[in-house]
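None of the values given here were measured: they were computed from a predicted structure. Both ligands and their constituent atoms are indexed starting at 1 by order of listing.
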Amino acid sequence: LTAAEGDRPLAGRRVVVTAGGTREPLDPVRYLGNRSSGKQGYAVARVAAQRGADVVLVTSAELPVPQGVRAVPVETALEMARAVEQEAVGADVVVMAAAVADFRPAQVAGHKIKKTHEAGPDGAPDESAPTVALVRNPDILAGLVAGRGEALAPVVVGFAAETGDEAASVLEHGRAKLARKGCDLLVVNEVGAGLTFGADESTVHILRRGSEDVLDVGPASKDVVAGALWDAVAELL
Ligand code: CTP
Ligand code: CA
């Protein structure tokens, strides 16, 4: 191992990272969104670039783009799915750190939805509350797993924010999700119970497909979590 390789273990690797919560429009001024800050995904992209990788960041967050990273801005889950599908061709690794909306409004109004609707047949203005119908978004990670190693990147990493509940612990939920999703690594983020979304320190458990071992990281900064993730990925490359 030369000094340069030790410093830049991802040199020559192409990686795609997604970050941020997607925004699903209802009309030209409103959307359905979530509280994801995007900070963890940006840290994953930043550390990969520091370690020498060629990094594409498909992002629905608006944070400063880390040095040496190419950003592809997107808004919706559908836009993110299209961008990832393109960028993952020929890549070595895709890390899905984005909080992708599971559903989107079935219809996007072309104009601002008004509080009082047009008068009905009886002439009275309609002030009833509207109902928003939703449809499922594609599962981007599932598409990557299906195309893994053929057209798309051979290593696929998922993220999951989990809380424990009566049925199962954070780890049990994480293991079940890894089995269901079939990705190579799953970074399970503990949320709830005083562990706030967007906080600077996080506690994660990195699970590997086909292994019982768990790598516990934190409470630690998002850069430290990102470093642990790339260490785990390096073992798979
Ligand atoms: N993900 C994705 N496409 C979606 C939803 C999620 O690629 N439409 C990815 C996320 O980026 C993350 C992983 O799948 O890396 C797990 O997301 P999560 O929301 O925890 O999993 P879901 O299968 O959507 O399960 P849940 O019902 O818990 O939301
Ligand atoms: Ca989800």
Got the closest protein heavy atom to [atom], with its distance?
| atom | answer |
| --- | --- |
| atom 13 (C) of ligand 1 | Phe159 O, 3.3 Å |
| atom 22 (P) of ligand 1 | Lys181 NZ, 3.8 Å |
| atom 7 (O) of ligand 1 | Leu141 N, 2.8 Å |
| atom 25 (O) of ligand 1 | Lys177 NZ, 3.5 Å |
| atom 15 (O) of ligand 1 | Met96 O, 2.7 Å |
| atom 10 (C) of ligand 1 | Ala98 O, 3.6 Å |

Taken in chain and number order and not counting sequence neighbours, the residues that satisfy side chain to side chain donor-acceptor pair (under 3.5 Å) with Ser211 are none
Just how far is it from atom [atom1] of [X] to atom [atom2] of [Y], taken to the nearest 0.5 Å?
| X | Y | atom1 | atom2 | answer |
| --- | --- | --- | --- | --- |
| Arg175 | Glu162 | CZ | CD | 13.0 Å |
| Glu190 | Thr203 | CD | OG1 | 5.5 Å |
| Arg104 | Leu32 | CZ | CG | 11.5 Å |
| Leu236 | Leu185 | CG | CG | 5.0 Å |

Q) Taking side chain as C-beta onward, heavy atoms only, is Asp184 less than 4.5 Å from Val157? A) no
Are Phe159 and Val95 side-chain neighbours, meaning at least one heavy-atom pair lies under 4.5 Å? yes
* For atom 27 (O) of ligand 1, is the nearest protein heavy atom under 4.0 Å away? -> no
Note: with side-chain heavy atoms under 4.5 Å as the link, the other cluster members for Val89 come out as Val16, Val56, Val58, Val72, Val74, Met80, Val84, Val94, Met96, Val100, Ile140, Leu141, Leu144, Val145, Leu152, Val156
Short version for Ala99: what comes under 4.0 Å of ligand 1, heavy atoms counted, is neither
Going by the 4.0 angstrom heavy-atom rule, the piece of Leu144 near ligand 1 is neither
Q: Could you state whether Val93 and Ile206 fall into the same hydrophobic cluster, counting links through intermediate Ile, Leu, Val, Met, Phe, Trp or Tyr residues with side-chain heavy atoms under 4.5 angstrom apart?
A: yes
Sequence neighbours excluded, the answer for side chain to side chain contact (heavy atoms under 4.5 Å, CB included) partners of Ala109 is Asp27, Ile113
Note to self: For the backbone of Ala101 and the side chain of Asn137, can you confirm whether one donor and one acceptor N or O come within less than 3.5 Å of each other?
What the structure shows: yes
For the Ca ion (ligand 2), protein N, O or S atoms at a distance below 3.0 Å amount to 2
Filtering Ile140, Thr18, Asn137, Leu178 for the heavy atom nearest atom 3 (N) of ligand 1 leaves Ile140
Could you list which atoms of ligand 1 come closer than 4.0 Å to a heavy atom of [X]?
| X | result |
| --- | --- |
| Asp102 | 5 (C), 24 (O), 29 (O) |
| Pro138 | 3 (N), 4 (C), 8 (N) |
| Gly158 | 15 (O) |

Ser36 and Gly20 have their tightest heavy-atom pair at OG-C, 3.7 Å
